[in-house]
A.B. asks: 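First, the structure itself, so that you have it in front of you.
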Amino acid sequence: MFADLVYQVLRKVPRGKVTTYSAIARAIGKPKAARAVGNALNKNPYAPQVPCHRVIKNSGEVGGFAHGTKKKIQLLGREGVIVKNGRVGKEFIVKHL
DNA sequence: GTTTTGACACCCG
DNA sequence: TCGGGTGCCAAAA
């Protein structure tokens with residue numbers, strides 16, 4: 001399924017950087033399936049191998065998180081990504097995989 | 001009930 | 001204003 005594709009694309013994201021749902025959706029060939037990507041990450045069938053916390057909105061907002069949005073920001077900060085006021089530095093966001 | 005796929009509404013320019 | 005893009009959701013199987 002495309003969840004596997006999402007997983008592969010997501011693992012391409014280097015540590016300390018983040019990506020967007022749209023970027024992943026586009027990478028799998030479904031630019032309109034960004035929501036599906038979110039759900040795929042929500043279920044996260046690939047355990048900690050998939051850094052779903054490394055995926056944020058295209059707007060720079062961390063968006064939502066199944067395990068807690070607050071926790072997600074905490075994780076990102078741990079990765080080296082500076083999250084300020086629920087917003088991630090767009091410099092950390094890689095829109096092109 | 002759970003899991004997967006997807007078009008639309010809301011937001012920004 | 002209108003159009004385009006995004007989204008961790010909702011509907012279908």
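Numbers restart at 1 for each chain; the letters A, B, ... are given by sequence-line order, proteins then strands.
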A.B. asks: Round to the nearest Å and state the distance from A/Asn44 atom CG to B/dT2 atom P.
C.D. replies: 18 Å
A.B. asks: Which nucleotide in the set C/dC9, B/dG6, C/dG7 lies at the smallest distance from any side-chain heavy atom of A/Asn42?
C.D. replies: C/dC9
A.B. asks: Which residues pass the salt bridge (Lys or Arg N to Asp or Glu O under 4.0 Å) test with A/Arg78, sequence neighbours left out?
C.D. replies: none
A.B. asks: Expressed in angstrom and rounded to an integer, what is the separation of A/Arg87 atom CZ from B/dC12 atom C1'?
C.D. replies: 11 Å
A.B. asks: Under 4.0 Å, counting only non-hydrogen atoms across every strand here, what does A/Asn58 touch: a base, just sugar-phosphate, or nothing?
C.D. replies: sugar-phosphate
A.B. asks: Report the distance from atom NZ of A/Lys30 to atom C1' of B/dC8, rounded to the nearest whole Å.
C.D. replies: 17 Å
A.B. asks: Rounding to a whole Å, what distance do you find between A/Lys32:NZ and B/dC8:P?
C.D. replies: 10 Å
A.B. asks: Could you verify whether a donor N or O on one side chain and an acceptor N or O on the other, from A/Asp4 and A/Tyr46, lie under 3.5 Å apart?
C.D. replies: yes
A.B. asks: Does A/Gln8 have more than 12 heavy atoms from other residues, nucleotides or ligands lying within 6.0 Å of its CD?
C.D. replies: yes
A.B. asks: Please report the distance, rounded to the nearest Å, between CZ in A/Arg26 and P in C/dG5.
C.D. replies: 7 Å
A.B. asks: Which part of the nucleic acid, if any, lies within reach of A/Lys72 when heavy atoms closer than 4.0 Å are counted: base, sugar-phosphate only, or nothing?
C.D. replies: base
A.B. asks: I need the CZ-C1' distance between A/Arg35 and C/dA10, as an integer number of Å.
C.D. replies: 7 Å
A.B. asks: Rounded to whole Å, please give me the gap between CD1 in A/Ile24 and P in B/dG6.
C.D. replies: 17 Å
A.B. asks: Under 4.0 Å, counting only non-hydrogen atoms across every strand here, what does A/Lys43 touch: a base, just sugar-phosphate, or nothing?
C.D. replies: base
A.B. asks: Which nucleotide in the list B/dG6, C/dG7, B/dT4 gets nearest to the side chain of A/Met1?
C.D. replies: B/dT4
A.B. asks: Can you tell me if the side-chain N/O atoms of A/Ser22 get under 4.0 Å from OP1 or OP2 in C/dG7?
C.D. replies: yes
A.B. asks: Roughly how many Å apart are C/dC9 and C/dG5, using the P atom of each and rounding to a whole number?
C.D. replies: 23 Å
A.B. asks: Rounded to whole angstroms, how far apart are CG on A/Asn39 and P on B/dA7?
C.D. replies: 15 Å
A.B. asks: For A/Val55, does its backbone N or O pair with a side-chain atom of A/Lys72 as donor and acceptor, under 3.5 Å?
C.D. replies: yes
A.B. asks: For A/Lys12, look at atom NZ and say whether over 12 heavy atoms of other residues, nucleotides or ligands are found less than 6.0 Å away.
C.D. replies: yes
